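All remarks here apply to the structure that follows.
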Amino acid sequence: MGRGDLTKLSADFELASFAECERRGCVLARVGAGGKAAEVLVFICRDATDLDAQQWFETLIEKAAPPVLRRALVLDEDFAHFLAGAASGVRAMDSLRVDEPSAPSASDTTTLSLSMASIESTANATVRVVDSTLFDALRVGASDIHFELQAKALQIRYRLDGVLQAVKRIESLETAHQVISRIKVLADLDIAERRVPQDGRFRVVMEQREIDFRVSIMPNMTGEDAVLRILDRKHLTGQFEALTLDALSFDEDVKAFVRRASHLPYGLLLVTGPTGSGKTTTLYAAISEINTGLDKIVTIEDPIEYQLSGVLQIPVNEKKGLTFARGLRSILRHDPDKIMVGEIRDTETAQISVQAALTGHQVFTTVHANNVFDVIGRFTNMGVDSYSLVAALTGIMAQRLVRTVCPACSQMSDASAEEISALVGALPFAATAAPRMAHAVGCAACRATGYKGRMAIAETLPMDDEMRDLLVQQAPISTVKRAAREKGFRSLRHSAVTLALRGLTTVAEIDRVAPLE
């Protein structure tokens, strides 16, 4: 049987687990995509002389129905390809049995190697819970994993496309405490300490790539919660090796703004937005375009999320005293041309960044603010002189990520009266007919959410003489906004509504990400 014939079969791991099939070199499959409803079982083996494997499977299929059986011999590489494809459709979490939780072992603190086979072969129930959760989260592309300890259960949720989704609930308080302890063991944290927050990290290996997990443990009324941030650096590095602004989903005017600011010889480019809104990706796209080898580019980050060739990247290590401020002072003695500061968190870092921009360096950085107009006040509250800040600024950009509707199940229909009222004011359109809008439905492809993937939206505020004068004079925010609109300023909601009118997102998603101000 060839690889093409195998595509017509679906593996059945109910009678024999994935780990057993991989170890013995044989698997039971069913004809057609109908799975259990199929009438013919096919015994696939890569070694026709392995009588033990055949006898083992014949014993298993006595319990199966219908009894019609065919045999097929395949090449080693075709068997491995079929088994890998079958594994992609199986959740490791589905086979969990947590009736008898086991205490985590200190011997399990080395770097994890995750696979379906390793999870199924693990005897420790607590380890299986944690490993299967990590494995499934990586396969579905989650950015965070939440282990939420409740009064009598453990709720596990993934953050997918920026939204939390419940994936499993374990009704065992003993197991819940053991799972949190297991995570602490992996992150080298104090298992006995349950009264104060703890932070740590660990690493796993899956499909020949290393993935870092950043761990946050937080005490609550019933015990502790754990949140794991997934930092798949090697995968992202390969994905973004050729990252440019054109690869992002920004409008042409936003890309032009970032390009103009990033090609200046000096100045401060600020990108603002909440955690997980793609700020770092935007900055790396800009740096990638100016990374010609003629300039010394240095970054300081916490943590380093993407690895960029030809750029000196410094990780923050607060335990060793390497903070953003201290690292930035050292960078300025390293003869840099371009500097990226992962985040401005304190007054000292803010002041050094502004001074660096004023003394001939180009500085890219991020800061937390709600929109481009709140950034000035944020720096003022940190004690930065407003005149120095405005003189250093080349531009401010605020961005968000908006979920896009699932192409497999979304439906287009005329906008309702409520939807039209939400659009009016953000983007004028002809009122002679209701615009066509996409509506999220939900299917298996999008895990019944109606959304799949995200796109970036942004608002930008370039700096010119008039805008600098207004900001230095601390003009009312309404005056600054009016002057920006006269120059063509488009808000985050304006950009989001544009996506909705293109049938890419919904009004409900717009209200969630970019509400009316």
Side-chain angles (χ1 to χ4, degrees), residues 136-146 157-167 227 229-233 235-240 242-255 258 271-286 305-306 366 368 370-371 397-412 422 426-427 437-460 490-515:
D136 290 338
L138 289 170
R139 289 207 309 188
V140 300
S143 61
D144 301 84
I145 308 172
H146 289 239
R157 298 197 290 175
Y158 296 158
R159 187 174 294 280
L160 295 166
D161 292 332
V163 177
L164 286 174
Q165 294 182 24
V167 293
V227 175
R229 166 63 59 89
I230 300 174
L231 303 170
D232 192 353
R233 295 185 298 174
H235 174 66
L236 289 173
T237 299
Q239 180 181 352
F240 292 112
L243 177 65
T244 64
L245 291 169
D246 290 328
L248 306 181
S249 58
F250 292 122
D251 295 336
E252 290 300 322
D253 57 341
V254 174
K255 290 187 286 188
V258 178
V271 180
T272 185
T275 301
S277 60
K279 302 186 297 296
T280 304
T281 303
T282 300
L283 289 182
Y284 266 98
E305 297 187 18
Y306 312 145
T366 71
H368 288 293
N370 291 328
N371 53 58
M397 174 179 171
Q399 70 178 73
R400 301 287 191 278
L401 292 177
V402 176
R403 289 186 298 171
T404 53
V405 291
C406 174
C409 64
S410 65
Q411 296 180 356
M412 297 293 294
L427 186 67
M437 302 287 294
H439 295 88
V441 178
C443 64
C446 60
R447 301 172 65 90
T449 64
Y451 299 92
K452 192 169 186 179
R454 291 186 290 179
M455 294 182 69
I457 58 172
E459 62 183 22
T460 60
R490 296 198 310 168
S491 66
L492 285 167
R493 189 171 180 88
H494 185 127
S495 299
V497 167
T498 302
L499 292 183
L501 292 178
R502 290 167 54 191
L504 297 175
T505 191
T506 64
V507 171
E509 179 66 5
I510 293 173
D511 289 337
R512 185 185 72 86
V513 175

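Note that the coordinates shown come from a computational prediction; the quantities given were computed from them, not determined experimentally.
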Do [X] and [Y] come close enough that some side-chain heavy atom pair is under 4.5 Å?
X: L160; Y: V140; result: yes
X: S249; Y: R454; result: no
X: D136; Y: V167; result: no
X: T460; Y: M397; result: yes
X: M437; Y: L501; result: yes
X: I145; Y: Y158; result: yes
X: D511; Y: R493; result: yes
X: T275; Y: R229; result: yes

Shortest non-hydrogen contact from [X] toward [Y]:
X: A496; Y: I457; answer: CB-CD1, 3.8 Å
X: A398; Y: L492; answer: O-CD2, 3.6 Å
X: G450; Y: C446; answer: N-SG, 3.2 Å
X: H146; Y: R159; answer: NE2-NH2, 4.1 Å
X: K255; Y: F250; answer: CE-O, 3.6 Å
X: C409; Y: G442; answer: SG-N, 3.3 Å

Distance check, rounded to the nearest 0.5 Å: [X] atom [atom1] versus [Y] atom [atom2]?
X: Q399; Y: N371; atom1: CD; atom2: CG; value: 14.0 Å
X: L499; Y: I510; atom1: CG; atom2: CD1; value: 7.5 Å
X: D251; Y: R490; atom1: CG; atom2: CZ; value: 4.5 Å
X: H368; Y: T272; atom1: NE2; atom2: OG1; value: 7.5 Å
X: L401; Y: K279; atom1: CG; atom2: NZ; value: 9.5 Å
X: R512; Y: T505; atom1: CZ; atom2: OG1; value: 8.5 Å

Short N-O contact, K452 and D161, less than 4.0 angstrom
no

Full working for side-chain contact (heavy atoms from CB on, under 4.5 Å) between V163 and T449
CA-CA 10 Å; V163 177; T449 64; over 6 Å; no

With side chain to side chain contact (heavy atoms under 4.5 Å, CB included) as the test, pick out the partner of L248 among T244, D246, L245.
L245

